[in-house]
Amino acid sequence: MFSDELITRLKRAQTVVALTGAGVSAESGVPTFRGENGLWKNFRPEELANFNAFIKNPKLVWEWYQWRKELVNKVKPNPGHYALVELEAMFDDFCMITQNVDDLHRKAGAKKIYELHGNIMRNRCVDCNEYTNEDDVQFAESDALPRCHCGGLLRPDVVWFGEQLPQRTLMQAFDAANRAEVFFSIGTSAVVQPAASLPIEARRAGAYVVEINFEPTVISHYVDESIIGKSGEILPKLVARLRQDRSSSEE
Ligand code: NAD
Ligand code: ZN
């Protein structure tokens, strides 16, 4: 399943980076945008996850986020998330760059995570930009919308279609891609920019780039190695293989 080249590179590597997308959380029961069950009340995510939609109908967009938050609160990290935490412990310089907003990497115990698209559990005010946590937000049963103490509307702190990514986080992600000796692109369709450029950038800078996905993607022909399968099955196997190699080389 894993090439000798990959295993050799990982044995030597100090800097390993993993870019993750919605596919990594699919086995936890969080639907991907492009998969089945990605729809809510027949809306496409693009129709709701944008600022214009929010201003036009904040209640509808909030209902969708409340539905997604409840879903995410009910689910648990899967073996793929936990295997990434084990990988984090194996390398001097390991980080995760995620497009997920579901907080599952952190729940699994990951420490160094760059969240490119924000976090669904955090909110911010459209007027004063101040952050609040979900717990602070009182959703009245009535039609009232969640508001900041300044009176401004609160919105989920996620990056919507057409919005800029958090620039500092993006810079840190590109820095990591540039330093990576091995770069994983896991469970992402690699079509949402600028995240999709990260594996390309990493490879250009000399990393060995490995894709793990349920099906081939637009970058499959470009990467050094493409492993087809579920991340929740493949990642624990990779960890087991590395552990086995490490223990046999210690003997
Ligand atoms: P995507 O929905 O475009 O693609 C998901 C990818 O995961 C697909 O290529 C699919 O083949 C693959 N996949 C599905 N199940 C898998 C599995 N078990 N193992 C390995 N691969 C699997 O997701 P994306 O590329 O991450 O981008 C969509 C955007 O939607 C992101 O910006 C993200 O912010 C947002 N989103 C986030 C979540 C979340 O936080 N969990 C969920 C849906 C969408
Ligand atoms: Zn405010």
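What you see is a predicted model; the values in this text were computed from it and never measured. Order of appearance sets the numbers: ligands from 1, and atoms from 1 within every ligand.
- H149 lies apart from the Zn ion (ligand 2) in this respect, since none of its N, O or S atoms is found at a distance under 2.8 Å.
- At the top of the distance list for atom 29 (C) of ligand 1, counting protein heavy atoms only, stands F33 CD2, 3.9 Å.
- With hydrogens and angles ignored, the 3.5 Å screen pairs no side-chain donor or acceptor of N57 with any backbone N or O of A53.
- Ligand 1 lies within reach of P31, whose nearest heavy atom is under 4.0 Å from it.
- Looking at A22 against ligand 1, both its backbone and its side chain come within 4.0 Å, counting heavy atoms.
- Counted by atom type alone, N119 and D103 present one or more donor-acceptor pairs between their side chains at under 3.5 Å.
- Using a 4.0 Å cut-off between heavy atoms, V30 contacts ligand 1 through its side chain alone, with no backbone atom that close.
- Side chain of N100 to backbone of A22: a donor-acceptor contact under 3.5 angstrom is found.
- For atom 32 (O) of ligand 1, the nearest protein heavy atom (residue, atom name, distance) is H117 ND1, 2.5 Å.
- Scanning all protein heavy atoms for the shortest distance to atom 3 (O) of ligand 1 gives R34 NH1, 2.3 Å.
- Taking the six-membered ring where the residue is Trp, W62 and F54 present perpendicular rings, their angle passing 60° and hence far from 30°.
- Scanning the protein for heavy atoms near atom 21 (N) of ligand 1, the closest one is F214 N, 3.3 Å.
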List the steps and the verdict of side chain to side chain donor-acceptor pair (under 3.5 Å) for Q99 and T20.
-> CA-CA 6 Å; Q99 300 169 84; T20 64; over 6 Å; no
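- Contacts between A26 and ligand 1, counted as non-hydrogen atom pairs separated by less than 4.0 Å, involve the side chain only.
- Using a 4.0 Å heavy-atom cutoff, G229 is listed among the residues neighbouring ligand 1.
- Of the protein's non-hydrogen atoms, the one nearest atom 19 (N) of ligand 1 is S231 N, 2.9 Å.
- When Q99, E233, E115 are checked for heavy-atom proximity to atom 33 (C) of ligand 1, Q99 turns out nearest.
- The side-chain heavy atoms of N213 and T188, taken from C-beta on, include no pair separated by under 4.5 Å.
- With atom 40 (O) of ligand 1 as the reference point, the heavy atom nearest to it among I120, V101, V191, T188 is part of V101.
- Here the heavy atom of the protein found nearest to atom 10 (C) of ligand 1 is N213 OD1, 3.4 Å.
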